[in-house]
Amino acid sequence: MAQINWRNEYSLGITTVDADHRQLITEINQLYDQFVLPMDALTIESLLAELQADISAHFALEELLMEQAGYAEFEAHRQDHQRLLDQINDMIFQFEEDPDEGRELLKSTLSDWFGDHFTGFDARLHGQLDQQPGNHQRLA
């Protein structure tokens, strides 16, 4: 279990997307703060609901920007978003069914769940936007 620190590779150079990434890190870290305290299922459920809503909105924004930019990997990126949403939904369900086991699952997977997508799919998105200054400027 580890707090997530902002890393430059999480940046796409698009103000709204980067602000979302920073906010998502803050929300995940708030969950990690809860994991070292005695179990407070209501607070964790509330934080998970907020994280789920913000991730969903963030992915919708990214997909709109990718579509507008004619991003070549749009469909694969969109599918990864859906996979991640399914995973967060599964983690939430697990927590609701068994808070102790669900908390352990969240502790062991949440930071990797975040980091893998942002250093993989989003890093490639950043690379393409850097190569297309017209699209990058339009999206910024």
Side-chain angles (χ1 to χ4, degrees):
M1 167 181 84
Q3 295 268 332
I4 302 173
N5 295 312
W6 177 260
R7 298 183 342 207
N8 286 337
E9 60 208 55
Y10 297 151
S11 174
L12 294 184
I14 301 171
T15 305
T16 53
V17 173
D18 292 344
D20 282 358
H21 286 176
R22 287 180 185 274
Q23 179 62 31
L24 293 172
I25 288 173
T26 297
E27 291 174 15
I28 290 170
N29 286 339
Q30 288 173 338
L31 277 164
Y32 277 115
D33 289 342
Q34 285 297 310
F35 298 153
V36 298
L37 300 173
M39 175 67 82
D40 180 352
L42 291 177
T43 297
I44 292 173
E45 286 176 2
S46 175
L47 290 169
L48 285 170
E50 181 180 353
L51 178 63
Q52 180 187 37
D54 289 347
I55 286 170
S56 189
H58 170 69
F59 286 168
L61 171 64
E62 264 190 16
E63 290 171 14
L64 175 66
L65 296 175
M66 286 186 291
E67 195 169 42
Q68 289 175 345
Y71 181 53
E73 287 189 57
F74 171 74
E75 187 55 33
H77 200 126
R78 187 192 64 74
Q79 288 176 9
D80 197 56
H81 283 170
Q82 187 57 54
R83 179 186 63 81
L84 291 167
L85 289 171
D86 289 346
Q87 287 177 341
I88 194 73
N89 289 334
D90 289 346
M91 286 186 263
I92 291 169
F93 178 78
Q94 178 67 38
F95 183 81
E96 291 170 347
E97 290 293 305
D98 183 342
D100 290 323
E101 193 174 306
R103 184 166 81 164
E104 291 306 311
L105 175 65
L106 288 162
K107 283 168 47 173
S108 67
T109 60
L110 202 53
S111 65
D112 288 339
W113 175 86
F114 173 88
D116 289 348
H117 176 79
F118 290 100
T119 58
F121 276 93
D122 282 357
R124 289 193 303 276
L125 175 60
H126 182 241
Q128 181 172 348
L129 293 179
D130 280 348
Q131 295 171 11
Q132 298 177 357
N135 284 337
H136 182 73
Q137 294 299 319
R138 184 168 51 94
L139 297 176

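Values below: every heavy atom of this structure, side chains too, minus hydrogens, waters and symmetry copies.
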Original post:
Which atom pair, heavy atoms only, marks the closest approach of E67 to F74?
Top reply: N-CD1, 4.1 Å
Original post:
Where do L37 and D33 come nearest, in terms of heavy atoms and distance?
Top reply: CG-O, 3.5 Å
**OP:** Mark yes or no for whether Y32, through its side chain, and S111, through its backbone, hold a donor-acceptor pair below 3.5 Å.
**Re:** yes
**OP:** Taking the side chain as every heavy atom from C-beta outward, state whether F59 and Q82 have any atom pair closer than 4.5 Å.
**Re:** no
Original post:
Closest approach of T109 and L105, non-hydrogen atoms and distance?
Top reply: OG1-O, 2.7 Å
Which pairs would a plain distance check flag for residues 89-101, meaning a side-chain donor or acceptor within less than 3.5 Å of a matching protein atom at least two apart in sequence or in another chain?
| unit_1 | atom_1 | unit_2 | atom_2 | d |
| --- | --- | --- | --- | --- |
| N89 | OD1 | Q52 | NE2 | 2.1 |
| N89 | ND2 | L85 | O | 3.1 |
| Q94 | NE2 | E101 | OE2 | 3.0 |
| D98 | OD1 | D100 | N | 3.3 |
| D98 | OD1 | E101 | N | 3.3 |

Subject >> Heavy-atom check, side chain of I44 versus side chain of L48, under 4.5 Å >> reply: yes
**OP:** Side-chain contact test, heavy atoms from C-beta onward, threshold under 4.5 Å: evaluate it for H81 versus I55 and give yes or no.
**Re:** no
**OP:** Might you point out which heavy atoms bring F35 and L106 nearest each other, and give the distance in Å?
**Re:** CZ-CB, 3.5 Å
Subject >> Short side-chain donor-acceptor distance under 3.5 Å, Q34 and Q30 >> reply: no
Subject >> Check: Q23/H58 side-chain N/O donor and acceptor closer than 3.5 Å >> reply: no
Subject >> By side-chain hydrogen bond (donor to acceptor under 3.5 Å, both in side chains) - contacts of Q87 (at least two apart) >> reply: R83, W113
Subject >> Audit row: N29, I25, side-chain contact (heavy atoms from CB on, under 4.5 Å) steps and yes/no >> reply: CA-CA 6 Å; N29 286 339; I25 288 173; 3.5 Å; yes
**OP:** Could you grab the distance from atom CE of M66 to atom CD of E75, nearest 0.5 Å is fine?
**Re:** 9.5 Å
Original post:
Out of curiosity, T43 OG1 to L31 CG, how far, rounded to the nearest 0.5 Å?
Top reply: 10.0 Å
**OP:** Supply the atom-to-atom distance E50 CD to E45 CD, rounded to the nearest 0.5 angstrom.
**Re:** 14.0 Å
Original post:
What distance separates E62 CD from T16 OG1, expressed to the nearest 0.5 Å?
Top reply: 9.5 Å
**OP:** Evaluate the ring planes of Y71 and H77, with Trp represented by its six-membered ring, and classify them as parallel (under 30°), tilted (30 to 60°) or perpendicular (over 60°).
**Re:** perpendicular
Original post:
Do L47 and E27 come close enough that some side-chain heavy atom pair is under 4.5 Å?
Top reply: no
Original post:
Does some side-chain heavy atom of R22 sit less than 4.5 Å from a side-chain heavy atom of T26?
Top reply: no
**OP:** Evaluate side-chain contact (heavy atoms from CB on, under 4.5 Å) for I88 paired with L110, printing each intermediate quantity in order.
**Re:** CA-CA 9 Å; I88 194 73; L110 202 53; 4.1 Å; yes
